[in-house]
Amino acid sequence: VELRLWDALDQQLLSPFAYYGTADETDFSEVKWTGGASEIADLDRVISGDHVRARLVIQSLQKYCSDLDTTRAIAFCVSVQHAKFMAEQFSSAGLKAMAVTGATERDVRQSIPNRLATGQIQIVCTCDLYNEGVDLPDVNTLLLLRPTQSPVLFEQQFGRGLRLAPEKESCLVLDFVGRYRQ
């Protein structure tokens with residue numbers, strides 16, 4: 001069965017969304033877009049630890065999010081290091097954030113959907129974990145913090161915010177694209 005995104009939205013099978021491609025000064029020109037470990041290493045070198053970009057992410061979230069108290073977000077990061085860095089940055093800004101990766105204990109990972117739904121956590125910063133195979137209907141904000149040339153990965157990440165849930169009006173998607181190919 002195939003159902004196009006716009007048809008699914010019209011039939012109210014998916015949450016409506018607001019998508020913002022947010023340009024920033026991150027220069028990805030040195031990234032070798034070859035896929036695999038070398039691409040990830042290049043992206044990690046450029047993105048992880050970039051305090052200016054992290055401030056822009058937080059400012060954009062504050063600008064576009066109508067109510068930070070009800071934010072239930074997934075921040076898709078390039079690496080474990082980047083996920084930890086972003087969780088620290090969000091926490092420093094007063095948001096309840098947590099880095100959740102494959103190295104996170106299983107029982108903690110399993111508790112995330114409930115902790116997110118109840119507001120114990122507002123932002124889950126992750127790397128290669130919540131792309132597919134997990135149901136997080138309460139997610140109402142997506143922070144795409146890593147560029148990708150993979151349409152499949154983009155669709156998987158985008159889909160994490162489109163599930164319907166009680167009290168959920170829409171999904172805010174902030175895609176941080178840098179100066180990717182100008």
Side-chain angles (χ1 to χ4, degrees), residues 1 3 5-22 54-146 148 150 152-176:
V1 173
L3 183 63
L5 175 63
W6 304 117
D7 295 328
L9 289 167
D10 286 342
Q11 294 176 34
Q12 298 181 346
L13 299 173
L14 297 175
S15 172
F17 62 90
Y19 176 93
Y20 297 92
T22 305
R55 275 193 302 275
L56 174 69
V57 169
I58 293 166
Q59 289 168 353
S60 295
L61 183 60
Q62 292 167 335
K63 176 181 177 180
Y64 292 109
C65 185
S66 60
D67 183 4
L68 285 174
D69 290 335
T70 61
T71 297
R72 305 294 178 261
I74 298 178
F76 290 103
C77 301
V78 71
S79 67
V80 171
Q81 177 183 334
H82 185 223
K84 290 178 180 178
F85 171 74
M86 289 308 301
E88 291 170 6
Q89 297 302 301
F90 288 126
S91 295
S92 294
L95 297 162
K96 295 177 272 188
M98 180 177 184
V100 181
T101 68
T104 304
E105 294 180 23
R106 187 171 191 243
D107 60 326
V108 173
R109 285 196 321 260
Q110 290 177 333
S111 74
I112 294 303
N114 185 54
R115 293 173 71 188
L116 198 59
T118 61
Q120 294 173 34
I121 301 171
Q122 290 173 283
I123 304 173
V124 175
C125 302
T126 189
C127 167
D128 295 335
L129 194 57
Y130 291 120
N131 296 340
E132 64 178 325
V134 65
D135 189 25
L136 299 166
D138 294 293
V139 169
N140 60 15
T141 305
L142 298 173
L143 303 169
L144 306 180
L145 305 182
R146 57 155 301 165
T148 181
S150 167
V152 172
L153 180 61
F154 178 81
E155 287 173 12
Q156 288 172 339
Q157 292 176 349
F158 191 69
R160 293 305 100 204
L162 298 184
R163 284 291 314 268
L164 296 174
E167 311 290 322
K168 180 176 174 179
E169 294 178 17
S170 65
C171 183
L172 172 65
V173 181
L174 299 178
D175 191 352
F176 294 86

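Positions are given from 1, in the same order as the sequence printed here.
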Does Asn140 use its side chain to pair, donor to acceptor, with the backbone of Thr70 at less than 3.5 Å? yes
Side-chain contact test, heavy atoms from C-beta onward, threshold under 4.5 Å: evaluate it for Thr141 versus Thr71 and give yes or no. yes
Residue that, paired with Ile112, satisfies side-chain contact (heavy atoms from CB on, under 4.5 Å) out of Thr104, Thr126, Val124: Val124
Would you give the length of the straight line joining atom CZ of Arg72 to atom CG of Leu172, rounded to the nearest 0.5 angstrom? 14.0 Å
Atom OH of Tyr19 and atom CG of Asp175: how far apart are they, to the nearest 0.5 Å? 3.5 Å
Which pairs, with at least one residue in residues 162-171 and sequence neighbours excluded, count as a side chain to side chain donor-acceptor pair (under 3.5 Å)? Asp135-Arg163
Can you name the residues that form a side chain to side chain contact (heavy atoms under 4.5 Å, CB included) with Asp69, not counting sequence neighbours? Asp67
In a table with atom names and distances, give each donor-acceptor pair under 3.5 Å that connects a side chain of residues 74-91 to protein atoms at least two apart or in another chain.
residue: Ser79; atom: OG; partner: Asp44; partner atom: OD1; Å: 2.6
residue: Ser79; atom: OG; partner: Gln81; partner atom: N; Å: 3.4
residue: Ser79; atom: OG; partner: His82; partner atom: N; Å: 3.0
residue: His82; atom: ND1; partner: Val78; partner atom: N; Å: 3.1
residue: Ser91; atom: OG; partner: Ala87; partner atom: O; Å: 2.9

I want to check something: taking the side chain as every heavy atom from C-beta on, are Gln157 and Leu142 in contact at a cut-off of under 4.5 Å? no
What's the separation between atom CD in Gln59 and atom CZ in Arg55, rounded to the nearest 0.5 Å? 7.5 Å
Ignoring hydrogens, what is the shortest heavy-atom contact between Ser111 and Val108? Give both atom names and the distance. OG-O, 2.7 Å
Gln122 and Leu116 have their tightest heavy-atom pair at O-CD1, 3.9 Å
With sequence neighbours left out, write down each residue that passes side chain to side chain donor-acceptor pair (under 3.5 Å) with Ser66, or none if nothing qualifies. none
Shortest non-hydrogen contact from Gly161 toward Ser15: O-CB, 4.1 Å
For the atom pair CG (Leu174) and CG (Leu56), what is the distance rounded to the nearest 0.5 Å? 9.5 Å
I'd like to know if the side chain of Arg115 reaches the main chain of Ile121, judged simply by a donor and an acceptor atom lying under 3.5 Å from each other, with no hydrogens or angles considered. no
Note: Thr22 and Ser60 closest approach over all heavy atoms is CG2-OG, 3.8 Å
